[in-house]
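Structure first, then comments.
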Amino acid sequence: MSRRVITIAELTAHAGEEITIRGWVYNWRKKGKLRFIILRDGFGYLQCIVFRPEVEDEVWETAVTLTQESSLEVTGTVVADERAPGGFELKVSALKALQIAPEFPIGKKDHGPDFLLNNRHLWLRSKRQHALMRVRSQVEFAIREFFQGRGYTLIDSPILTPAACEGTSSLFETEYFGETAYLSQSGQLYLEPAAAALGKVYCFGPTFRAEKSKTRRHLTEFWMVEPEVAWLRFDGLLDLCEEFLSEVVVRVLESCSEDLERLERDVSRLEPTTKRPYPRLDYAEAVAKLVELGSDIEFGEDLGGDDETMLTELYDRPLLITRYPAKVKAFYMQPDPEDPSRALAVDVLAPEGYGEIIGGSERSDSLEHLERKIAEHELPREAFEWYLDVRRYGSFPHSGFGMGIERFVAWICGVPHLRETIPYPRLINRLYP
RNA sequence: UCCGCAGUAGCUCAAUGGUAGAGCGGGUGGCUGUUAACCACUAGGUUGGGGGUUCAAGUCCCUCCUGCGGAGCCA
(Lines give C-alpha, C1' and ligand atoms only; values in the text may rest on other atoms or scores of the structure.)
Protein backbone atom coordinates (compact mmCIF):
# COMPACT_ATOMS: atom_id res chain seq x y z
CA MET A 1 0.00 0.00 0.00
CA SER A 2 1.22 3.47 -0.88
CA ARG A 3 2.15 5.71 2.02
CA ARG A 4 2.75 8.84 -0.01
CA VAL A 5 1.89 11.79 2.25
CA ILE A 6 0.68 14.93 0.45
CA THR A 7 -1.20 18.10 1.31
CA ILE A 8 -4.68 18.91 0.07
CA ALA A 9 -3.19 21.65 -2.11
CA GLU A 10 -1.40 18.94 -4.12
CA LEU A 11 -4.46 16.73 -4.43
CA THR A 12 -5.45 17.27 -8.06
CA ALA A 13 -2.06 16.05 -9.27
CA HIS A 14 -2.78 12.68 -7.67
CA ALA A 15 -6.17 11.75 -9.13
CA GLY A 16 -6.63 7.99 -9.14
CA GLU A 17 -3.70 7.42 -6.77
CA GLU A 18 -3.72 6.20 -3.22
CA ILE A 19 -2.31 8.86 -0.93
CA THR A 20 -2.20 9.82 2.76
CA ILE A 21 -3.20 13.17 4.23
CA ARG A 22 -2.75 14.43 7.78
CA GLY A 23 -5.15 16.92 9.23
CA TRP A 24 -8.09 17.72 11.43
CA VAL A 25 -11.82 17.06 11.16
CA TYR A 26 -13.40 20.31 10.01
CA ASN A 27 -16.90 18.86 9.96
CA TRP A 28 -18.54 15.51 9.49
CA ARG A 29 -21.92 14.24 8.34
CA LYS A 30 -23.49 10.83 8.46
CA LYS A 31 -25.97 9.23 6.10
CA GLY A 32 -26.70 5.65 7.13
CA LYS A 33 -23.74 3.50 6.22
CA LEU A 34 -21.96 6.55 4.75
CA ARG A 35 -19.73 8.93 6.66
CA PHE A 36 -18.56 12.21 5.14
CA ILE A 37 -15.49 13.56 6.90
CA ILE A 38 -14.47 17.06 5.87
CA LEU A 39 -10.75 17.14 6.52
CA ARG A 40 -8.69 20.32 6.68
CA ASP A 41 -4.91 20.41 6.71
CA GLY A 42 -4.17 24.13 6.54
CA PHE A 43 -3.83 24.01 2.75
CA GLY A 44 -7.36 23.10 1.84
CA TYR A 45 -10.46 21.08 2.56
CA LEU A 46 -11.17 17.56 1.42
CA GLN A 47 -14.29 15.45 1.65
CA CYS A 48 -13.39 11.91 2.71
CA ILE A 49 -15.87 9.08 2.16
CA VAL A 50 -16.15 6.10 4.45
CA PHE A 51 -18.69 3.54 3.22
CA ARG A 52 -19.25 0.76 5.71
CA PRO A 53 -19.60 -2.20 3.31
CA GLU A 54 -16.36 -1.26 1.57
CA VAL A 55 -13.97 -0.71 4.51
CA GLU A 56 -12.47 -2.88 7.24
CA ASP A 57 -14.51 -2.96 10.46
CA GLU A 58 -11.60 -1.26 12.21
CA VAL A 59 -11.76 1.72 9.83
CA TRP A 60 -15.49 2.07 10.36
CA GLU A 61 -15.11 1.87 14.14
CA THR A 62 -12.58 4.69 14.01
CA ALA A 63 -14.66 6.78 11.61
CA VAL A 64 -17.71 6.80 13.87
CA THR A 65 -15.71 8.05 16.86
CA LEU A 66 -14.32 11.11 15.06
CA THR A 67 -15.40 14.48 16.43
CA GLN A 68 -14.87 18.02 15.15
CA GLU A 69 -11.13 18.92 15.26
CA SER A 70 -9.96 15.39 16.03
CA SER A 71 -6.53 14.89 14.45
CA LEU A 72 -6.08 12.05 12.01
CA GLU A 73 -4.11 10.47 9.23
CA VAL A 74 -6.24 9.22 6.41
CA THR A 75 -5.29 7.05 3.45
CA GLY A 76 -7.42 6.54 0.37
CA THR A 77 -7.86 6.94 -3.36
CA VAL A 78 -8.32 10.38 -4.91
CA VAL A 79 -11.40 10.36 -7.14
CA ALA A 80 -13.08 13.09 -9.15
CA ASP A 81 -16.74 13.48 -8.21
CA GLU A 82 -19.12 16.28 -9.11
CA ARG A 83 -20.85 15.93 -5.75
CA ALA A 84 -17.69 16.69 -3.83
CA PRO A 85 -16.86 20.28 -2.87
CA GLY A 86 -13.85 21.16 -5.00
CA GLY A 87 -14.54 18.36 -7.46
CA PHE A 88 -12.36 15.73 -5.76
CA GLU A 89 -12.87 13.47 -2.79
CA LEU A 90 -11.04 10.68 -1.04
CA LYS A 91 -12.35 7.12 -0.89
CA VAL A 92 -10.95 6.07 2.47
CA SER A 93 -9.12 2.78 2.86
CA ALA A 94 -7.31 3.41 6.13
CA LEU A 95 -7.86 5.77 9.01
CA LYS A 96 -5.69 6.51 11.99
CA ALA A 97 -7.02 8.82 14.69
CA LEU A 98 -4.19 10.52 16.56
CA GLN A 99 -6.49 12.10 19.10
CA ILE A 100 -10.25 12.27 19.53
CA ALA A 101 -11.08 15.85 20.48
CA PRO A 102 -13.70 16.68 23.09
CA GLU A 103 -16.55 19.03 22.16
CA PHE A 104 -14.98 21.88 20.18
CA PRO A 105 -16.00 25.31 21.48
CA ILE A 106 -16.36 26.94 18.06
CA GLY A 107 -19.40 25.65 16.29
CA LYS A 108 -21.06 26.10 12.92
CA LYS A 109 -23.37 28.91 13.95
CA ASP A 110 -22.54 32.50 14.90
CA HIS A 111 -20.58 33.50 17.97
CA GLY A 112 -20.12 36.81 19.75
CA PRO A 113 -16.85 38.78 19.72
CA ASP A 114 -16.07 38.22 23.40
CA PHE A 115 -16.34 34.45 23.04
CA LEU A 116 -14.35 34.40 19.82
CA LEU A 117 -11.56 36.55 21.22
CA ASN A 118 -11.32 34.40 24.34
CA ASN A 119 -10.93 31.46 21.96
CA ARG A 120 -8.73 33.25 19.44
CA HIS A 121 -6.25 30.35 19.39
CA LEU A 122 -9.06 28.06 18.19
CA TRP A 123 -10.87 30.69 16.12
CA LEU A 124 -7.82 30.79 13.85
CA ARG A 125 -8.88 27.38 12.54
CA SER A 126 -11.93 28.79 10.77
CA LYS A 127 -12.02 29.53 7.04
CA ARG A 128 -12.52 33.25 7.39
CA GLN A 129 -9.55 33.58 9.72
CA HIS A 130 -7.40 31.52 7.35
CA ALA A 131 -8.20 34.01 4.60
CA LEU A 132 -7.39 37.00 6.80
CA MET A 133 -4.09 35.57 7.99
CA ARG A 134 -3.04 34.71 4.45
CA VAL A 135 -3.87 38.20 3.20
CA ARG A 136 -1.91 39.69 6.08
CA SER A 137 1.03 37.47 5.26
CA GLN A 138 0.91 38.47 1.59
CA VAL A 139 0.63 42.14 2.49
CA GLU A 140 3.77 41.93 4.60
CA PHE A 141 5.54 40.03 1.84
CA ALA A 142 4.57 42.63 -0.77
CA ILE A 143 5.72 45.46 1.48
CA ARG A 144 9.14 43.88 1.98
CA GLU A 145 9.46 43.25 -1.75
CA PHE A 146 8.58 46.86 -2.48
CA PHE A 147 11.36 48.25 -0.32
CA GLN A 148 13.97 45.56 -0.92
CA GLY A 149 13.43 45.94 -4.67
CA ARG A 150 14.20 49.65 -4.43
CA GLY A 151 17.46 49.42 -2.58
CA TYR A 152 16.17 50.07 0.93
CA THR A 153 18.04 48.51 3.85
CA LEU A 154 15.99 46.95 6.63
CA ILE A 155 16.86 48.48 9.99
CA ASP A 156 15.37 46.66 12.95
CA SER A 157 14.60 49.34 15.48
CA PRO A 158 14.58 48.59 19.22
CA ILE A 159 11.45 47.68 21.16
CA LEU A 160 12.81 48.85 24.52
CA THR A 161 13.46 52.58 24.40
CA PRO A 162 14.47 55.27 26.85
CA ALA A 163 11.86 57.88 25.92
CA ALA A 164 8.82 58.82 23.95
CA CYS A 165 8.51 59.68 20.33
CA GLU A 166 5.16 61.41 20.66
CA GLY A 167 3.94 62.20 24.17
CA THR A 168 4.37 60.08 27.27
CA SER A 169 0.72 59.42 28.15
CA SER A 170 0.42 56.55 25.73
CA LEU A 171 3.62 54.69 26.64
CA PHE A 172 3.89 51.26 28.15
CA GLU A 173 6.38 51.49 30.97
CA THR A 174 8.63 48.72 32.22
CA GLU A 175 11.45 48.39 34.73
CA TYR A 176 14.88 48.06 33.15
CA PHE A 177 17.63 47.19 35.67
CA GLY A 178 16.72 50.07 37.92
CA GLU A 179 15.85 52.44 35.09
CA THR A 180 12.52 53.06 33.37
CA ALA A 181 12.16 51.82 29.83
CA TYR A 182 9.25 52.23 27.44
CA LEU A 183 7.94 49.98 24.70
CA SER A 184 8.54 51.52 21.31
CA GLN A 185 5.83 53.68 19.75
CA SER A 186 7.68 54.15 16.50
CA GLY A 187 11.02 53.27 14.97
CA GLN A 188 11.31 56.64 13.29
CA LEU A 189 13.80 58.33 15.58
CA TYR A 190 16.12 55.37 15.09
CA LEU A 191 15.60 55.36 11.34
CA GLU A 192 16.67 58.95 10.78
CA PRO A 193 20.28 58.30 11.89
CA ALA A 194 20.21 55.10 9.84
CA ALA A 195 19.07 57.07 6.78
CA ALA A 196 22.18 59.20 7.22
CA ALA A 197 24.18 55.99 7.20
CA LEU A 198 22.47 54.04 4.42
CA GLY A 199 20.38 56.50 2.43
CA LYS A 200 17.14 54.53 2.11
CA VAL A 201 16.01 52.48 5.10
CA TYR A 202 12.86 50.98 6.54
CA CYS A 203 11.77 49.19 9.66
CA PHE A 204 8.91 46.76 10.10
CA GLY A 205 7.87 45.57 13.51
CA PRO A 206 5.47 45.79 16.41
CA THR A 207 4.72 49.08 18.10
CA PHE A 208 2.93 49.77 21.34
CA ARG A 209 0.49 52.48 22.34
CA ALA A 210 -1.10 52.51 25.77
CA GLU A 211 -3.94 54.67 24.50
CA LYS A 212 -7.19 54.03 26.30
CA SER A 213 -8.91 53.68 22.97
CA LYS A 214 -11.92 51.43 22.63
CA THR A 215 -12.73 51.61 18.98
CA ARG A 216 -12.62 49.33 15.98
CA ARG A 217 -9.58 51.19 14.68
CA HIS A 218 -7.20 50.72 17.63
CA LEU A 219 -4.97 48.05 19.06
CA THR A 220 -2.44 48.50 21.88
CA GLU A 221 0.05 46.38 19.93
CA PHE A 222 0.15 46.77 16.19
CA TRP A 223 2.63 46.38 13.35
CA MET A 224 3.99 49.30 11.46
CA VAL A 225 6.21 49.68 8.42
CA GLU A 226 8.24 52.88 8.30
CA PRO A 227 10.48 53.98 5.44
CA GLU A 228 12.90 56.88 5.89
CA VAL A 229 14.68 58.39 2.89
CA ALA A 230 17.63 60.75 2.75
CA TRP A 231 17.35 63.75 0.40
CA LEU A 232 13.63 63.10 -0.12
CA ARG A 233 11.56 66.26 0.05
CA PHE A 234 7.87 66.59 0.85
CA ASP A 235 6.61 66.35 -2.75
CA GLY A 236 8.70 63.23 -3.27
CA LEU A 237 7.25 61.77 -0.09
CA LEU A 238 3.72 62.20 -1.43
CA ASP A 239 4.74 60.37 -4.60
CA LEU A 240 6.32 57.61 -2.52
CA CYS A 241 3.07 57.12 -0.57
CA GLU A 242 1.12 56.71 -3.81
CA GLU A 243 3.68 54.45 -5.44
CA PHE A 244 3.86 52.28 -2.34
CA LEU A 245 0.10 51.89 -1.88
CA SER A 246 -0.68 51.29 -5.54
CA GLU A 247 2.02 48.67 -5.93
CA VAL A 248 1.22 46.78 -2.73
CA VAL A 249 -2.48 46.72 -3.59
CA VAL A 250 -1.69 45.39 -7.08
CA ARG A 251 0.43 42.61 -5.61
CA VAL A 252 -2.17 41.65 -3.02
CA LEU A 253 -4.99 41.60 -5.57
CA GLU A 254 -2.87 39.28 -7.72
CA SER A 255 -1.91 36.88 -4.94
CA CYS A 256 -5.02 36.84 -2.74
CA SER A 257 -7.99 36.64 -5.09
CA GLU A 258 -9.29 33.41 -3.55
CA ASP A 259 -9.01 34.69 -0.01
CA LEU A 260 -10.65 38.01 -0.87
CA GLU A 261 -13.47 36.08 -2.53
CA ARG A 262 -13.92 33.99 0.62
CA LEU A 263 -14.09 37.24 2.60
CA GLU A 264 -16.74 38.44 0.11
CA ARG A 265 -14.66 41.54 -0.56
CA ASP A 266 -15.86 43.60 -3.51
CA VAL A 267 -12.44 43.92 -5.16
CA SER A 268 -13.78 46.39 -7.71
CA ARG A 269 -13.70 48.90 -4.84
CA LEU A 270 -9.93 48.35 -4.60
CA GLU A 271 -9.15 48.62 -8.32
CA PRO A 272 -9.02 52.45 -8.42
CA THR A 273 -6.24 52.37 -5.80
CA THR A 274 -3.99 50.58 -8.28
CA LYS A 275 -4.04 53.71 -10.47
CA ARG A 276 -2.26 56.98 -9.78
CA PRO A 277 -2.48 59.84 -9.07
CA TYR A 278 -4.46 59.98 -5.85
CA PRO A 279 -6.45 63.03 -4.85
CA ARG A 280 -4.53 65.49 -2.68
CA LEU A 281 -6.07 68.15 -0.48
CA ASP A 282 -4.23 70.87 1.33
CA TYR A 283 -5.39 71.04 4.95
CA ALA A 284 -7.00 74.44 4.28
CA GLU A 285 -8.88 73.02 1.27
CA ALA A 286 -9.96 70.04 3.35
CA VAL A 287 -11.35 72.26 6.11
CA ALA A 288 -13.18 74.46 3.59
CA LYS A 289 -14.70 71.39 1.97
CA LEU A 290 -15.73 69.99 5.35
CA VAL A 291 -17.45 73.22 6.38
CA GLU A 292 -19.28 73.11 3.05
CA LEU A 293 -20.37 69.55 3.89
CA GLY A 294 -21.71 70.61 7.28
CA SER A 295 -18.85 69.78 9.65
CA ASP A 296 -18.30 72.02 12.66
CA ILE A 297 -14.52 71.84 12.26
CA GLU A 298 -12.58 75.08 12.67
CA PHE A 299 -9.32 75.98 10.97
CA GLY A 300 -6.43 74.91 13.18
CA GLU A 301 -8.09 71.82 14.63
CA ASP A 302 -7.19 68.26 13.74
CA LEU A 303 -9.69 66.30 11.66
CA GLY A 304 -12.14 64.12 13.58
CA GLY A 305 -13.12 60.60 12.58
CA ASP A 306 -16.40 61.78 11.04
CA ASP A 307 -14.53 64.47 9.10
CA GLU A 308 -12.20 61.87 7.63
CA THR A 309 -15.10 59.66 6.61
CA MET A 310 -16.93 62.57 4.98
CA LEU A 311 -13.90 63.45 2.89
CA THR A 312 -13.01 59.92 1.81
CA GLU A 313 -16.57 59.32 0.65
CA LEU A 314 -15.90 61.87 -2.10
CA TYR A 315 -13.20 59.70 -3.71
CA ASP A 316 -12.74 56.13 -4.95
CA ARG A 317 -9.08 55.81 -3.85
CA PRO A 318 -6.89 56.92 -0.97
CA LEU A 319 -6.87 60.62 -0.18
CA LEU A 320 -3.76 62.59 0.80
CA ILE A 321 -4.25 65.50 3.16
CA THR A 322 -1.21 67.75 3.38
CA ARG A 323 0.31 70.62 5.40
CA TYR A 324 -1.47 70.29 8.72
CA PRO A 325 -1.20 72.99 11.39
CA ALA A 326 2.15 72.40 13.08
CA LYS A 327 0.65 72.52 16.55
CA VAL A 328 -1.47 69.38 16.05
CA LYS A 329 1.50 67.41 14.74
CA ALA A 330 4.67 65.90 16.19
CA PHE A 331 7.73 67.95 17.17
CA TYR A 332 10.08 66.57 14.53
CA MET A 333 8.25 67.80 11.45
CA GLN A 334 9.66 70.38 9.04
CA PRO A 335 7.75 73.68 8.96
CA ASP A 336 6.23 74.65 5.63
CA PRO A 337 8.64 77.29 4.21
CA GLU A 338 5.65 79.20 2.80
CA ASP A 339 3.78 79.21 6.13
CA PRO A 340 5.74 78.15 9.23
CA SER A 341 2.52 77.62 11.21
CA ARG A 342 1.98 74.56 9.06
CA ALA A 343 4.00 71.36 9.02
CA LEU A 344 5.08 69.40 5.95
CA ALA A 345 2.93 66.51 7.10
CA VAL A 346 0.68 64.15 5.20
CA ASP A 347 -2.05 61.79 6.31
CA VAL A 348 -3.29 59.20 3.86
CA LEU A 349 -6.92 58.27 4.41
CA ALA A 350 -8.16 54.95 3.07
CA PRO A 351 -11.47 54.87 1.17
CA GLU A 352 -14.74 53.46 2.53
CA GLY A 353 -14.33 54.94 6.00
CA TYR A 354 -11.24 52.96 6.98
CA GLY A 355 -9.52 56.12 8.14
CA GLU A 356 -5.89 57.07 8.44
CA ILE A 357 -3.54 54.34 7.24
CA ILE A 358 -0.40 56.42 6.70
CA GLY A 359 1.07 59.36 8.57
CA GLY A 360 4.24 60.93 7.23
CA SER A 361 6.28 64.09 7.03
CA GLU A 362 9.42 65.79 5.91
CA ARG A 363 11.63 65.89 9.01
CA SER A 364 13.06 69.06 10.45
CA ASP A 365 16.71 69.45 9.48
CA SER A 366 17.39 72.41 11.79
CA LEU A 367 19.03 71.82 15.15
CA GLU A 368 17.73 75.12 16.48
CA HIS A 369 14.15 74.38 15.42
CA LEU A 370 14.17 70.92 17.00
CA GLU A 371 15.65 72.19 20.27
CA ARG A 372 12.87 74.75 20.49
CA LYS A 373 10.17 72.15 19.68
CA ILE A 374 11.49 69.70 22.27
CA ALA A 375 11.28 72.46 24.86
CA GLU A 376 7.76 73.47 23.74
CA HIS A 377 6.55 69.87 24.00
CA GLU A 378 8.25 69.60 27.42
CA LEU A 379 10.16 66.52 26.33
CA PRO A 380 13.28 65.40 28.26
CA ARG A 381 16.09 67.02 26.30
CA GLU A 382 18.81 64.59 27.47
CA ALA A 383 16.93 61.63 26.01
CA PHE A 384 17.06 63.23 22.54
CA GLU A 385 20.71 64.28 22.38
CA TRP A 386 21.61 61.32 20.22
CA TYR A 387 18.71 62.13 17.91
CA LEU A 388 19.85 65.75 17.60
CA ASP A 389 23.24 64.48 16.46
CA VAL A 390 21.59 63.75 13.10
CA ARG A 391 21.38 67.55 12.71
CA ARG A 392 24.86 68.20 14.10
CA TYR A 393 26.83 65.87 11.87
CA GLY A 394 25.86 66.59 8.31
CA SER A 395 22.22 67.61 8.48
CA PHE A 396 20.27 66.76 5.36
CA PRO A 397 16.70 66.89 4.09
CA HIS A 398 14.81 63.64 4.65
CA SER A 399 11.28 62.32 4.83
CA GLY A 400 9.43 59.21 5.83
CA PHE A 401 6.09 57.74 6.77
CA GLY A 402 4.55 55.01 8.89
CA MET A 403 1.77 52.67 7.84
CA GLY A 404 -0.23 50.55 10.25
CA ILE A 405 -0.51 47.04 8.84
CA GLU A 406 -3.74 46.12 10.56
CA ARG A 407 -5.63 49.14 9.25
CA PHE A 408 -4.32 48.41 5.78
CA VAL A 409 -5.34 44.74 5.99
CA ALA A 410 -8.76 45.66 7.40
CA TRP A 411 -9.37 47.93 4.44
CA ILE A 412 -8.11 45.40 1.87
CA CYS A 413 -10.26 42.66 3.38
CA GLY A 414 -13.25 44.86 4.09
CA VAL A 415 -13.48 43.82 7.73
CA PRO A 416 -14.87 46.37 10.18
CA HIS A 417 -12.64 45.72 13.20
CA LEU A 418 -8.84 45.46 13.52
CA ARG A 419 -9.16 42.58 15.98
CA GLU A 420 -9.52 40.08 13.13
CA THR A 421 -6.51 41.31 11.15
CA ILE A 422 -3.80 40.28 13.64
CA PRO A 423 -3.32 36.72 14.92
CA TYR A 424 -3.46 37.59 18.61
CA PRO A 425 -4.97 41.04 19.12
CA ARG A 426 -3.97 43.13 22.12
CA LEU A 427 -6.77 45.43 23.15
CA ILE A 428 -7.21 47.71 26.12
CA ASN A 429 -8.87 44.96 28.18
CA ARG A 430 -7.53 41.91 26.44
CA LEU A 431 -4.14 40.26 26.94
CA TYR A 432 -5.36 36.68 26.53
CA PRO A 433 -4.71 34.34 24.82
C1' U B 1 -11.70 59.03 31.31
C1' C B 2 -16.66 60.32 29.24
C1' C B 3 -21.44 58.97 26.55
C1' G B 4 -24.73 54.98 24.91
C1' C B 5 -26.20 49.64 24.64
C1' A B 6 -26.07 44.75 26.57
C1' G B 7 -25.36 40.37 30.17
C1' U B 8 -30.82 34.14 30.24
C1' A B 9 -28.38 26.47 28.64
C1' G B 10 -21.51 25.05 26.11
C1' C B 11 -22.70 28.93 21.80
C1' U B 12 -26.38 32.49 19.34
C1' C B 13 -30.79 34.38 20.99
C1' A B 14 -36.53 34.37 22.69
C1' A B 15 -39.71 35.06 26.96
C1' U B 16 -47.05 41.93 28.61
C1' G B 17 -44.34 42.09 36.22
C1' G B 18 -47.56 35.89 36.58
C1' U B 19 -45.22 27.78 35.17
C1' A B 20 -37.66 30.00 31.83
C1' G B 21 -37.98 28.37 25.66
C1' A B 22 -35.85 27.62 20.51
C1' G B 23 -31.84 26.80 17.03
C1' C B 24 -26.85 25.09 16.96
C1' G B 25 -23.45 22.02 19.73
C1' G B 26 -23.51 17.20 23.07
C1' G B 27 -25.88 12.07 23.76
C1' U B 28 -29.12 7.93 21.63
C1' G B 29 -31.52 5.97 17.30
C1' G B 30 -32.78 6.13 11.70
C1' C B 31 -31.18 6.84 6.55
C1' U B 32 -25.95 4.63 0.31
C1' G B 33 -24.41 11.17 -1.70
C1' U B 34 -24.42 14.70 2.33
C1' U B 35 -22.83 20.16 1.20
C1' A B 36 -23.55 24.75 8.21
C1' A B 37 -27.34 17.50 5.62
C1' C B 38 -32.03 15.82 7.34
C1' C B 39 -35.67 13.21 10.81
C1' A B 40 -37.02 11.38 15.89
C1' C B 41 -35.93 11.20 21.00
C1' U B 42 -32.85 13.07 25.08
C1' A B 43 -29.71 15.58 28.76
C1' G B 44 -28.49 20.49 29.84
C1' G B 45 -30.48 26.86 34.00
C1' U B 46 -28.38 29.96 41.28
C1' U B 47 -31.39 34.44 34.24
C1' G B 48 -23.35 38.34 35.74
C1' G B 49 -22.72 39.66 41.62
C1' G B 50 -25.04 42.32 45.71
C1' G B 51 -29.12 45.18 47.57
C1' G B 52 -34.22 47.14 46.99
C1' U B 53 -39.71 47.74 45.27
C1' U B 54 -43.85 44.10 44.78
C1' C B 55 -48.68 39.16 46.61
C1' A B 56 -45.20 37.96 42.58
C1' A B 57 -38.86 40.15 39.34
C1' G B 58 -35.14 37.36 33.78
C1' U B 59 -38.41 41.75 33.35
C1' C B 60 -38.86 47.73 37.55
C1' C B 61 -35.07 50.76 40.82
C1' C B 62 -29.88 51.37 43.01
C1' U B 63 -24.92 49.67 42.88
C1' C B 64 -20.71 46.91 41.37
C1' C B 65 -18.49 43.71 37.61
C1' U B 66 -17.87 42.16 32.55
C1' G B 67 -18.50 42.85 27.37
C1' C B 68 -19.93 45.74 22.97
C1' G B 69 -20.31 50.48 20.18
C1' G B 70 -18.63 55.46 20.04
C1' A B 71 -15.77 60.15 21.59
C1' G B 72 -10.92 62.02 22.59
C1' C B 73 -5.90 60.26 20.76
C1' C B 74 -3.65 57.96 16.98
C1' A B 75 -1.49 54.03 12.58
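All values below come from the heavy atoms of this structure, side chains included, with hydrogens, waters and symmetry mates left out. All chains are named by letter (A, B, ...) in the order of the sequence lines, taking the proteins before the strands, and each is independently numbered beginning at 1.
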What contact category does [X] fall into here, base, sugar-phosphate, or nothing, at under 4.0 angstrom with non-hydrogen atoms?
| X | value |
| --- | --- |
| A:Ile106 | nothing |
| A:Asp347 | nothing |
| A:Glu89 | base |
| A:Phe115 | sugar-phosphate |

Using salt bridge (Lys or Arg N to Asp or Glu O under 4.0 Å) as the criterion, point out the one residue from A:Asp347, A:Asp239, A:Asp235 that pairs with A:Arg280. A:Asp239
Donor-acceptor pair between [X] and [Y] side chains, under 3.5 angstrom:
| X | Y | answer |
| --- | --- | --- |
| A:Gln47 | A:Arg83 | no |
| A:Ser170 | A:Gln185 | yes |
| A:Glu18 | A:Ser93 | yes |

Can you check the distance between [N] and [M], where both ends of the measurement are the [atom1] atom (answer in whole Å)?
| N | M | atom1 | result |
| --- | --- | --- | --- |
| B:G72 | B:U66 | P | 25 Å |
| B:G18 | B:G58 | C1' | 13 Å |
| B:U34 | B:G29 | P | 23 Å |
| B:C74 | B:A14 | C1' | 41 Å |
| B:A15 | B:C68 | P | 24 Å |
| B:C60 | B:G25 | P | 33 Å |
| B:G27 | B:G33 | C1' | 26 Å |
| B:G69 | B:U59 | C1' | 24 Å |

Whole angstrom value for the distance that separates [atom2] of [N] from [atom1] of [X]:
| X | N | atom1 | atom2 | result |
| --- | --- | --- | --- | --- |
| A:Arg216 | B:A71 | CZ | P | 8 Å |
| A:Leu183 | B:C74 | CG | P | 20 Å |
| A:Phe51 | B:C31 | CZ | C1' | 12 Å |
| A:Arg52 | B:G33 | CZ | C1' | 18 Å |
| A:Glu356 | B:A75 | CD | C1' | 6 Å |
| A:Glu301 | B:G72 | CD | P | 10 Å |
| A:Lys329 | B:C74 | NZ | C1' | 9 Å |
| A:Tyr432 | B:G67 | OH | C1' | 17 Å |

Under 4.0 angstrom between [X] side-chain N/O and [N] OP1 or OP2:
| X | N | answer |
| --- | --- | --- |
| A:Asn429 | B:U66 | no |
| A:His417 | B:G69 | yes |
| A:Arg209 | B:G72 | no |

For A:Trp123 and A:Tyr424: C-alpha separation, side-chain torsions, deciding distance, then whether ring-ring contact (aromatic ring centres under 6.0 Å, His included) applies. CA-CA 10 Å; A:Trp123 188 21; A:Tyr424 296 95; over 10 Å; no
Under 3.5 Å, N/O pairs linking protein and nucleotides 1-5 of chain B:
from: B:U1; atom 1: O4; to: A:Lys212; atom 2: O; distance (Å): 3.2

Do the side chain of A:Glu82 and the base of B:G33 come within less than 3.5 angstrom through a donor-acceptor pair of N or O atoms? no
Is A:His111 side chain donor-acceptor paired with the B:C11 base, going by distance under 3.5 Å alone? no
Using heavy-atom distances to pick each residue's nearest nucleotide on RNA chain B, tell me which of A:Thr67 and A:Arg419 is more 5'. A:Thr67
Would you kindly compare A:Arg430 and A:Gly359 by the position of their nearest RNA chain B nucleotide and give the one closer to the 5′ end? A:Arg430
Under 3.5 Å, which N/O atoms of the protein pair with N/O atoms of nucleotides 20-25 of chain B?
from: B:G23; atom 1: O2'; to: A:Lys109; atom 2: NZ; distance (Å): 3.2
from: B:G25; atom 1: OP1; to: A:Lys108; atom 2: NZ; distance (Å): 3.2
from: B:G25; atom 1: O2'; to: A:Glu103; atom 2: OE2; distance (Å): 3.2

Can the ring centroids of A:Phe172 and A:Tyr182 be said to lie less than 6.0 angstrom from one another? no
Checking salt bridge (charged side-chain N to carboxylate O under 4.0 Å, His left out) for the pair A:Glu69/A:Arg40: CA distance, chi angles, key distance, verdict? CA-CA 9 Å; A:Glu69 292 304 327; A:Arg40 61 165 193 87; 2.8 Å; yes
Where does the angle between the aromatic ring planes of A:Tyr283 and A:Tyr324 fall among parallel (under 30°), tilted (30 to 60°) and perpendicular (over 60°)? tilted
In A:Phe141, A:Tyr202, A:Phe244, A:Tyr152, the residue satisfying ring pair (Phe, Tyr, Trp, His ring centres under 6.0 Å) with A:Phe146 is A:Phe244
Is it true that [X] and [Y] have a side-chain N and a carboxylate O under 4.0 angstrom from each other?
| X | Y | result |
| --- | --- | --- |
| A:Glu140 | A:Arg136 | yes |
| A:Asp114 | A:Arg430 | yes |
| A:Glu54 | A:Lys91 | yes |
| A:Glu352 | A:Arg265 | yes |
| A:Arg217 | A:Glu356 | no |
| A:Glu376 | A:Lys373 | yes |

Got a sec: does the CZ of A:Arg269 have more than 12 other heavy atoms crowding it under 6.0 Å? no
With a sphere of 6.0 Å drawn around CD of A:Glu61, does it hold more than 12 non-hydrogen atoms of other residues, nucleotides or ligands? yes
When A:Ile159, A:Leu171, A:Thr161 are each screened for side chain to side chain contact (heavy atoms under 4.5 Å, CB included) with A:Phe208, the one that passes is A:Ile159
Could I get the full list of side-chain contact (heavy atoms from CB on, under 4.5 Å) partners for A:Lys275, not counting sequence neighbours? A:Arg317
In RNA chain B, consecutive runs of at least three Watson-Crick or G-U pairs below 3.5 Å, as range with range, amount to B:1-7 with B:65-71, B:10-13 with B:21-24, B:26-30 with B:38-42, B:48-52 with B:60-64
Can you pull out the residues from residues 28-45 of chain A that lie within a 4.0 Å heavy-atom distance of RNA chain B? A:Arg29, A:Lys30, A:Lys31, A:Gly32, A:Lys33, A:Leu34, A:Phe36
Contacts to RNA chain B from residues 302-317 of chain A, heavy-atom cutoff under 4.0 Å, which residues? A:Asp302, A:Gly304
Taking only the side-chain heavy atoms of A:Thr215 (C-beta and beyond), determine which of B:G33, B:G72, B:U34 contains the nearest atom. B:G72
